[in-house]
Amino acid sequence: MLTSEIRSQIDSIWNDFWSGGVSNPLSVIEQITYLLFIKQTVEERKAAQLKILMERRLFPDGKDERGRAYEDLRWSRFKSFEAREMFKVVDEHVFPFLRTLGGEGSAFSEHMKDARLGVPTPALLAKAVEKLDSVRMDDRDTKGDVYEYMLGKIASAGQNGQFRTPRHIIALMVDLTEPTPTDIICDPAAGTCGFLVAAGEYLRHKHPEVLRDPKLRKHFHEKMFNGFDFDPTMLRIGSMNMILHGVENAHVVYRDSLAEEHNADAGRYSLVLANPPFAGSLDYEATAKDLQQIVKTKKTELLFLALFLRLLKVGGRAAVIVPDGVLFGSSKAHKDLRRMLVEDHKLDAVIKLPAGVFRPYAGVSTAILVFTKTGVGGTEHVWFYDMEADGWSLDDKRQPLLPDEKLGPTPKTDLTDDDHAKNNLPDILMRWEERDGTERDQPLTAQSFCVTKAEIVASGGGYDLALNSYKEVEHEDQNHAAPADIIRELRELEEEISSGLTNLEEMLG
């Protein structure tokens, strides 16, 4: 958890960039991330401790190709240089060296090939280095929290369907799917790699053996995490995010997930976690043919669902966010996809999210779908949950409604009934564990309940998955007075008022 001091320091650095002429929030976070990466990674002296993408000393002896001593490329050295000299070292020596990390042909070096210092003036760089140097980030959790805090400041990144998924919603989806040390995890719309980072953190805490066993550790660092995106800036930010969170060589690569064929990795992944962009439509000609074979549509949200089914291996699980239209849309493509999930695979859960969960980026209504790819069916009951509160205000400010220790899906302290009304996430996890037990007996008026496959099939032939189509509203009987009695009371009140006015007139003479 970040201290108020660290938050204030990051805010100050962020404001310096804005006042210094770097106004695009993605550019700000990219430049701060470069500096954080240089400070926390390039600064390390012990390659044996670092082991990031290479098996050699990070800085060789001697000088670089431009004649600068490699020793000067260390943060601890150049932070003391005069502003113009520091700017020259970072721009002409540190960044070229940064672009070579990972070796030729690695995913990291591919993303970093266009990395450039975008700080406009030596004075701004010197100020940013000085302030970042005073930020204490002694452990991996703090580094990750700093990064997440900066991501939370991107308030204008909701273009083209791109916006940040709240960290606590990601954590909920990871907890629902319970990643294992042998999973191969994929996010086909990775962005800043928030889902992959959260899955890694879950494994560190729930399965510490993943870093003790040599075989599992190699799998964790090299094959477990796979992310695709077609935005080079996001790929750089995502790659550095994974490294700052202790994953050495995540497979984060450039790919237009809906346009490229997936024959090479169809059926490869055991877990998909994603919140794909669902803004707009694509031309048939621009869409991967293997996805069109699953469902004939132009809508991106449906194409992504088809993609998830294509990428998952048999037995693979998925927790993904979809717009509400996917649940009840009336087109043939909508109905076909819902039929596939219910009839051909195992649809486990539909969790309705509050409409304000993605503010200030978007006010669209969404839901989490949890399903397992089987190819032979398996849906008997579908568990529904109506999330009404996620611990944060549902307006554009998204302020926490509870102390930090009571937020998220696994709070540090128990929640009271009043707390639950502000944070439903722990209740979701608790009831999820009972979805094959006591939840089967929940009435349709409850916040969560199960619906049989037969009821879903019978829902007008469209496999309706909207929670409100099954939820029953309990109406309480209200006893009202008879109209004649109400009129009599009004006349009595009128007489009292008239009498009072008469007495007042007499008193005034």
Side-chain angles (χ1 to χ4, degrees), residues 1-45 50 52 58-59 68 71-98 101 112 115-157 164 167 192 197 233 236-246 404:
M1 185 174 65
L2 287 183
T3 64
S4 57
E5 180 185 7
I6 292 179
R7 289 175 188 265
S8 178
Q9 289 171 318
I10 296 300
D11 287 344
S12 176
I13 296 166
W14 189 279
N15 290 334
D16 287 341
F17 271 87
W18 276 67
S19 60
V22 186
S23 58
N24 184 331
L26 279 179
S27 298
V28 175
I29 195 173
E30 184 178 32
Q31 292 302 311
I32 295 178
T33 301
Y34 286 149
L35 295 176
L36 276 177
F37 188 76
I38 293 166
K39 178 177 186 280
Q40 295 297 318
T41 302
V42 178
E43 165 62 11
E44 295 290 344
R45 291 178 177 270
L50 187 66
I52 293 182
L58 199 56
F59 290 107
R68 192 85 195 195
E71 191 69 17
D72 286 348
L73 276 57
R74 295 186 185 281
W75 179 279
S76 57
R77 291 272 293 185
F78 70 70
K79 72 177 184 179
S80 303
F81 291 172
E82 185 269 334
R84 285 171 295 183
E85 183 68 11
M86 180 194 298
F87 190 90
K88 180 178 179 180
V89 169
V90 174
D91 185 36
E92 298 180 9
H93 302 275
V94 176
F95 267 81
F97 181 81
L98 195 63
L101 287 180
M112 297 302 288
R116 298 288 185 274
L117 179 64
V119 181
T121 66
L124 177 56
L125 177 63
K127 187 184 293 186
V129 167
E130 180 184 4
K131 291 185 176 181
L132 277 176
D133 193 58
S134 66
V135 179
R136 295 297 302 274
M137 294 183 288
D138 299 326
D139 57 78
R140 181 181 47 79
D141 287 339
T142 303
K143 283 184 283 188
D145 287 343
V146 166
Y147 201 86
E148 292 292 336
Y149 179 63
M150 289 197 301
L151 290 176
K153 294 171 75 65
I154 306 178
S156 61
R164 176 177 174 266
R167 191 178 184 184
T192 59
V197 164
T233 300
R236 286 194 291 274
I237 291 175
S239 294
M240 288 186 284
N241 194 14
M242 295 299 289
I243 290 175
L244 288 170
H245 281 84
D404 285 346

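Just so it is clear, the values below take in all heavy atoms, side chains as well, and ignore hydrogens, waters and symmetry mates.
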Atom CD1 in I10, atom CG in N15: separation rounded to 0.5 Å?
11.5 Å

Could you tell me whether a side-chain N or O of T33 sits under 3.5 Å from a main-chain N or O of I29, the two making a donor and an acceptor?
yes

d(T121 OG1, K127 NZ) to nearest 0.5 Å is 8.5 Å

Once rounded to the nearest 0.5 Å, what's the spacing between atom CZ of F78 and atom CG of L125?
7.5 Å

Could you give the distance from CD (Q31) to CG (L117), rounded to the nearest 0.5 Å?
5.5 Å

Taking all heavy atoms of V135 and all of K39, pick out the closest pair and write down the distance.
O-NZ, 3.5 Å

Closer than 4.0 angstrom, basic N to acidic O: yes or no for E71 and R77?
no

Working to the nearest 0.5 angstrom, can you tell me the gap between I237 CD1 and M242 CE?
14.5 Å

Mind listing the closest non-hydrogen atom pair of V22 and S27 along with its distance?
CG1-CB, 3.9 Å

Separation between CG of L35 and CD1 of I13, rounded to the nearest 0.5 Å
9.0 Å

Acceptor/donor pairs from residues 84-91 side chains to any protein atom, 3.5 angstrom cut, sequence neighbours excluded:
{"from": "R84", "atom 1": "NE", "to": "E82", "atom 2": "OE2", "distance (Å)": "3.2"}
{"from": "E85", "atom 1": "OE2", "to": "R68", "atom 2": "NH1", "distance (Å)": "2.6"}
{"from": "E85", "atom 1": "OE2", "to": "R68", "atom 2": "NH2", "distance (Å)": "2.8"}

Which atom pair, heavy atoms only, marks the closest approach of V94 to L73?
CG2-O, 3.8 Å

Please lay out, stage by stage, how M240 and I243 fare under the test side chain to side chain contact (heavy atoms under 4.5 Å, CB included).
CA-CA 5 Å; M240 288 186 284; I243 290 175; 5.6 Å; no

Smallest separation among heavy atoms of V129 and W75, with atom names
O-CZ2, 3.6 Å

Might you confirm whether atom CD of E5 has over 12 heavy atoms from other residues, nucleotides or ligands at distances under 6.0 Å?
no

What's the shortest heavy-atom distance between P122 and A83, and which atoms?
CB-O, 3.6 Å

Output every pair passing salt bridge (Lys or Arg N to Asp or Glu O under 4.0 Å) with a member in residues 15-26, not counting sequence neighbours, ordered by first then second residue.
D16-K131

Kindly give the heavy-atom pair with the smallest separation between P25 and W14, and that separation in Å.
O-CH2, 3.8 Å

